[in-house]
Amino acid sequence: MSCGFTNPRIRTKLQAGDWTAILRDVFADRGLPVTPRLRDVAAQLALPGAVLAGPSAARWHGWDVPSAETFVAFQARRPRLRHVHVLLQEVPATDVCGIDGVRVTSTERTVFDCARLLPDGAASALLTTALQECWTTMPDLATRIRDATGRHGTPRLVRLIRVVALGNRTSAQKLAGKLLQRAGIWGWTPHEPISDRWGLIGLGDLVFPEAKLVIELGIDELEVAAPPQERHTRLAAAGWTVVNYSWNDLTTRPSELVAELRQHLDRLTPVRW
């Protein structure tokens with residue numbers, strides 16, 4: 001009606017099949033496919049001030065989530081809208097961003113909400129990807145969990161994050177590589193064979209050949225040709241420097257890790273005249 005249509009005119013449009021109802025008081029032209037994104041926009045029109053959250057926000061961020069449902073964060077009394085899940089919670093301005101004119105939760109908030117709302121398998125997969133892609137960090141997740149203490153689903157979320165926090169070697173290598181790329185640090189190769197005059201010592205997780213610097217990610221048993229103690233002895237004898245980082249290092253102190261690597265590289269990289 002705010003667009004100049006009276007109730008009788010709206011009924012005529014609907015009866016004639018010119019319009020189709022998306023949500024209560026929200027209509028679309030006939031033939032327009034009713035997609036999850038269309039329903040997301042309709043929910044915001046039906047609930048002025050609402051913010052797309054959870055799987056809906058993930059959809060607008062371009063993430064692949066196994067949910068076509070619409071989720072919005074809305075602070076007012078819970079309205080009744082079919083096909084729309086309303087999260088009764090306040091979203092601070094710092095947790096809101098705009099995508100194509102639509103208000104959605106930030107990447108950090110979206111990861112947190114999706115982890116609470118999705119099934120265990122999908123939530124764990126999203127948490128792992130989010131940490132690898134730097135959509136969020138472990139400190140941010142920890143802060144949000146602390147603020148949500150006592151709410152329904154928080155113990156489950158703690159369990160999921162503990163499992164993800166253990167990490168795995170492949171995920172750690174991907175995350176470490178992305179941290180280096182975003183910091184503009186190059187000259188490294190993954191899974192690089194390192195040998196001395198006696199043969200293969202092992203595969204370095206991330207290797208800087210020019211600086212003779214090896215990053216080992218202590219996630220799983222390392223795939224090496226020599227036992228750990230012998231490997232380190234041979235690496236040191238061959239002039240290699242080894243630094244070790246855990247999944248916790250990668251996810252909780254990425255800035256400090258990058259700064260440490262820069263110091264190592266400044267010290268070890270040969271100076272060219």
Within a strict 4.5 Å, meaning less than it, do heavy atoms of the E69 and P55 side chains meet? no
Taking only residues two or more places apart in sequence or in another chain, which ones pass salt bridge (Lys or Arg N to Asp or Glu O under 4.0 Å) with D120? R156, R159
Could you measure the distance from the CG atom of L131 to the NZ atom of K174? Nearest 0.5 Å is fine. 13.5 Å
Measure the spacing between CG of L235 and NZ of K212 and express it to the nearest 0.5 Å. 9.5 Å
Residues D140 and T136: closest non-hydrogen pair is OD2-OG1, 3.5 Å
Should L141 and V91 be counted in the same cluster of Ile, Leu, Val, Met, Phe, Trp and Tyr side chains packed under 4.5 Å apart? no
Quick one, T110 and V104 - any side-chain contact, counting heavy atoms below 4.5 Å? no
Just by distance, no angles: are the side chains of R109 and S106 close enough, under 3.5 Å, to form a donor-acceptor pair? no
Do Q132 and S171 get their side chains close enough for a donor-acceptor pair, meaning under 3.5 Å? yes
Side chain to side chain, D95 and T105, heavy atoms closer than 4.5 Å: no
Working note: L213 + L206, criterion side-chain contact (heavy atoms from CB on, under 4.5 Å); need CA distance, chi angles, decisive distance, verdict. CA-CA 9 Å; L213 175 67; L206 296 173; over 6 Å; no
State which residues pass salt bridge (Lys or Arg N to Asp or Glu O under 4.0 Å) with D249; sequence neighbours excluded, sorted by chain then number. R253
Step by step, work out the side-chain contact (heavy atoms from CB on, under 4.5 Å) result for F208 and I215. CA-CA 8 Å; F208 292 84; I215 299 176; 3.8 Å; yes
Do other residues, nucleotides or ligands put more than 12 heavy atoms under 6.0 Å from the CZ atom of R267? yes
Pairing of D266 and R262 as salt bridge, 4.0 angstrom limit: no
Can you tell me how far CZ of R144 sits from CZ of R116, rounded to the nearest 0.5 angstrom? 10.5 Å
Is I194 close to V207 at the side-chain level, that is, under 4.5 Å between some pair of heavy atoms? yes
Is the shortest side-chain heavy-atom distance between L175 and P254 below 4.5 Å? no
When rounded to the nearest 0.5 Å, the distance separating CZ of F71 from CG of L117 is 5.0 Å
If you group Ile, Leu, Val, Met, Phe, Trp and Tyr by side-chain heavy-atom gaps below 4.5 Å, do L127 and L179 land in one group? yes
First locate atom CG of L261, then atom NE2 of H264, and finally report the distance between them rounded to the nearest 0.5 Å. 6.5 Å
Could you tell me whether R231 and E216 make a salt bridge, using a distance below 4.0 angstrom between a side-chain N and a carboxylate O? yes
Spacing of CD belonging to E210 relative to CG belonging to L265, to within rounding of 0.5 Å: 9.5 Å
Quick one: are H61 and W135 in side-chain contact, heavy atoms under 4.5 Å? no
Ignoring hydrogens, what is the shortest heavy-atom contact between A57 and L52? Give both atom names and the distance. CB-O, 3.5 Å
For A148, is there any backbone N or O sitting under 3.5 Å from a side-chain donor or acceptor partner on T154? yes
Are side-chain heavy atoms of L217 and Q173 found at a separation under 4.5 Å? yes
Minimum-distance pair of heavy atoms, taken over all atoms of S56 and T70: OG-CA, 3.2 Å
Does any non-hydrogen side-chain atom of V243 lie less than 4.5 Å from one of V214? no
With no hydrogens and no angle check, just 3.5 Å: does a side-chain donor-acceptor pair link D40 and W60? yes
Just by modelled atom types, is the I185 backbone N or O under 3.5 Å from a matching donor or acceptor in the W188 side chain? yes
Under a single-linkage definition using a 4.5 Å side-chain heavy-atom cutoff for Ile, Leu, Val, Met, Phe, Trp and Tyr, are V72 and V96 assigned to the same hydrophobic cluster? no
